[in-house]
J.: 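Okay, handing you the structure first.
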Protein chains: 2
Amino acid sequence: MKMVRKKVPKATINRLPLYLRGLVNFYSKGERVVSSTRLAELIGTNSAQVRKDLSFLGEFGIRGIGYEIEKLIEELSQFLGLAQAKKVIVVGVGRLGSALLGYNGFKERGFEIVAGFDVDPSKIGKEMNGVNIYKMDSLRKIVKKIGVDIGIITTPAQKAQEVAEKLVEAGVKSILNFAPVSIEVSDKIPVRNVDLSVEFQILSYYLSKGEKSIIKRGNEKRFGEGGKPSIK
Amino acid sequence: MKMVRKKVPKATINRLPLYLRGLVNFYSKGERVVSSTRLAELIGTNSAQVRKDLSFLGEFGIRGIGYEIEKLIEELSQFLGLAQAKKVIVVGVGRLGSALLGYNGFKERGFEIVAGFDVDPSKIGKEMNGVNIYKMDSLRKIVKKIGVDIGIITTPAQKAQEVAEKLVEAGVKSILNFAPVSIEVSDKIPVRNVDLSVEFQILSYYLSKGEKSIIKRGNEKRFGEGGKPSIK
DNA sequence: CCAGGCAAGTTAACTCTTTCACAAAGATTA
DNA sequence: TAATCTTTGTGAAAGAGTTAACTTGCCTGG
């Protein structure tokens, strides 16, 4: 029975959205209660982990029964700050950027893309999937006017850092960077980097790891970025 | 002078592609040597971490100087199994799938998209960004013929599990899943799940907590169940 | 109301990862 | 050659995260 919530580990934070996703799925199938074991299978971990993770948020399971799905969804949404919708802009509406503009899953989950920005004159002033595309010069004005929670960077790598700075300067509150480069901004602004090539390369390692798992050594001669908090 | 079986930590594996990315970038700018401190800044960690990570692969720094970039790129590429090109297919060429088809960065990094698959008759038989789109029924035949290292799933969530099973059955060696659902296949097949909504939600948490910034990438890999990839 | 079953909550052991701090070794200077 | 400087490589300590195993509490059947 704890009133004071201890600090929630980062590893736990990373799993909470996965629980949420699974719970919503279960709920839509008519289920109303779920056990830690069932939730664990869903995301590939074990039941102790699930109980531990959820215990950081409070006690809302029923011993002998499990967790009431609806209640747990509510608690997780609350905890993750999903209670109110988030406004999102996309800078760089090339292939990936426009794919994001068109993905309905975000809106369903409370992330509304309110504007796109690009430097290509042939895109500026157009509308893509119901979202207006503006020139970069308008960034500041538009952000000030509507308030933006998340700025997505889908520009080429060379432009990413510059864009990140413009976003911060304009007042965007957090950044999701898809450009294959690490960006560095004030450590007050949460930044997440998602590099798809990196995912491929990690997979490549596990693909070939049979031979790679034995290493010979020694017979001759092996986020706001910038030295701030390192997170996995 | 030791010949040791030493397990490379997963956390290290996840960082190696980031070092590689930075090194390639430095090299293209004409630099030839880099220190652990410099590499650390690049990915937002500290020099001890970098040295430790690299020490798992061998000793190829020069004390008093740093690391020879070209050599380090070579070693990392070798270690990550990037020495030979990987063949990739994309199942589901909707918005995200076709964005991936068109991204040149993959080919540059040795990941060649050799075919796309879809169920939509209006796409089948067409070519998108130089890649032929086939019907799902052809999956097995084509995979058998050309050999496929990585299968990307960019279908709707409801189809993802079924597609994953077809991929495995056809002989695809690893899977990168973008559908917002966890897929479960044989433990022998490495799987990585990338859910963009999850990234948004994690960001949402840090946003609402007004907490210090996050940095790195999300995450964890899953291998079927509770992660089997370690060799003891 | 009690006994038995079941699953959450919790503690502590354990494992994994990061960081510290220093010895080792190549480079440079005198 | 020796002294000094610099940066790697590493063992050990510290810190995070995971898992096992135990305790608590709810529910059901008798």
Side-chain angles (χ1 to χ4, degrees), chain A residues 1-16 19 33-41 43-69 71-72 75 215 217-223 227-232, chain B residues 1-2 4 6-16 19 33-41 43-69 71-72 75 214-217 219-222 225-232:
Chain A
M1 185 88 48
K2 54 174 140 22
M3 304 271 38
V4 186
R5 288 175 186 175
K6 292 196 316 187
K7 189 196 152 225
V8 182
K10 292 182 184 90
T12 294
I13 301 293
N14 289 344
R15 280 186 296 266
L16 295 180
Y19 297 139
V33 168
V34 70
S35 67
S36 58
T37 305
R38 187 93 196 288
L39 259 179
E41 283 167 11
I43 77 159
T45 181
N46 62 60
S47 64
Q49 178 87 80
V50 172
R51 292 197 301 277
K52 187 71 152 180
D53 282 342
L54 296 180
S55 76
F56 287 108
L57 315 205
E59 287 182 36
F60 17 80
I62 307 164
R63 294 175 192 218
I65 299 293
Y67 299 89
E68 201 189 315
I69 293 178
K71 184 175 176 189
L72 199 45
E75 292 286 347
I215 302 165
R217 312 179 65 216
N219 59 350
E220 44 75 49
K221 245 351 54 184
R222 147 180 133 99
F223 291 143
K228 266 94 155 231
S230 167
I231 282 187
K232 65 158 304 182
Chain B
M1 186 77 97
K2 34 190 167 168
V4 184
K6 183 124 192 186
K7 192 195 147 204
V8 181
K10 281 183 197 169
T12 294
I13 300 294
N14 289 344
R15 280 186 296 266
L16 295 180
Y19 297 139
V33 168
V34 70
S35 68
S36 56
T37 305
R38 187 94 194 286
L39 258 179
E41 280 166 13
I43 76 161
T45 181
N46 62 61
S47 64
Q49 179 88 82
V50 172
R51 293 197 300 278
K52 189 65 130 186
D53 282 341
L54 296 180
S55 77
F56 287 109
L57 316 205
E59 287 183 35
F60 20 80
I62 306 164
R63 293 175 191 218
I65 298 294
Y67 299 89
E68 200 188 316
I69 294 178
K71 184 174 175 186
L72 199 45
E75 292 285 347
I214 334 165
I215 317 188
K216 262 339 9 150
R217 48 185 333 70
N219 342 306
E220 67 291 11
K221 54 255 98 229
R222 293 206 322 111
E225 260 321 284
K228 57 135 275 203
S230 343
I231 288 85
K232 310 247 161 95

J.: Can you check whether B/Ser35 has a side-chain N or O nearer than 4.0 Å to OP1 or OP2 of D/dT7?
T.: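 Negative; the distance criterion is not met.
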J.: What's the CG-C1' distance between A/Asn14 and D/dT18, to the nearest Å?
T.: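 The distance from CG of A/Asn14 to C1' of D/dT18 comes to 15 Å, rounded to the nearest Å.
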J.: How close or far is atom C1' of C/dT17 from atom NZ of A/Lys10, stated in whole angstroms?
T.: 12 Å
J.: Let me know which of A/Val34, A/Thr12, A/Val50 forms a side-chain contact (heavy atoms from CB on, under 4.5 Å) with A/Tyr19.
T.: A/Val50
J.: Separation of B/Ile65 atom CD1 from D/dG9 atom C1', in whole Å?
T.: 16 Å
J.: Would you name the heavy atoms of B/Asp53 and B/Arg15 that are closest together and state the gap between them?
T.: OD2-NE, 2.6 Å
J.: State whether B/Tyr67 places a side-chain N or O below 4.0 Å from either non-bridging phosphate oxygen (OP1 or OP2) of D/dG9.
T.: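 Yes.
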J.: Map B/Thr12 and A/Ile62 onto DNA chain C by nearest heavy atom, then report which one ends up closer to the 5' terminus.
T.: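 Upstream on the strand: A/Ile62.
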J.: Do you know the tightest heavy-atom contact between A/Leu72 and A/Phe60?
T.: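 Taking A/Leu72 first and A/Phe60 second, the nearest heavy atoms are CD1-CE1, 3.4 Å.
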J.: Whole Å only: how far is the CG atom of B/Asn46 from the P atom of D/dT10?
T.: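 Atom CG in B/Asn46 sits about 17 Å away from atom P in D/dT10.
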J.: Assign each of B/Gly64 and A/Pro9 to its nearest nucleotide of DNA chain D by heavy atoms, then name whichever residue's nucleotide is nearer the 5' end.
T.: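 The answer here is B/Gly64.
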J.: If you only use heavy atoms from C-beta on, which nucleotide in C/dA21, D/dA12, D/dT18 is closest to the side chain of A/Gln49?
T.: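 Among the listed nucleotides, the one closest to the side chain of A/Gln49 is D/dT18.
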J.: What's the NZ-P distance between A/Lys7 and D/dG15, to the nearest Å?
T.: 12 Å
J.: Rounding to a whole Å, what distance do you find between B/Lys52:NZ and D/dT7:C1'?
T.: 16 Å
J.: Would you say a side-chain N or O of B/Ser36 is under 4.0 Å from OP1 or OP2 of D/dT7?
T.: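 Indeed not, no polar side-chain atom of B/Ser36 lies that close.
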J.: Regarding C/dG9, can its base be found pairing with the side chain of A/Arg63 as donor and acceptor, where the two atoms are less than 3.5 Å apart?
T.: no
J.: So, is B/Arg15 close to the C/dT18 phosphate, meaning a side-chain N or O under 4.0 Å from OP1 or OP2?
T.: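 So the side-chain polar atoms of B/Arg15 do come within 4.0 Å of the phosphate oxygens OP1 or OP2 of C/dT18, strictly under.
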J.: Would you mind telling me which of A/Ile62, A/Leu54, A/Val33 makes a side-chain contact (heavy atoms from CB on, under 4.5 Å) with A/Tyr67?
T.: A/Leu54
J.: Once you round to the nearest 0.5 Å, how far does OG of A/Ser47 lie from CZ of A/Arg38?
T.: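 Between A/Ser47 OG and A/Arg38 CZ, I get 14.0 Å after rounding to 0.5 Å.
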J.: Provide, to the nearest angstrom, the distance between the CZ atom belonging to A/Arg51 and the P atom belonging to C/dT10.
T.: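 Roughly 11 Å, once rounded to whole Å.
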J.: Output the rounded distance in Å from CG (A/Asp53) to C1' (D/dT19).
T.: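 One finds 12 Å between C1' of D/dT19 and CG of A/Asp53, rounded.
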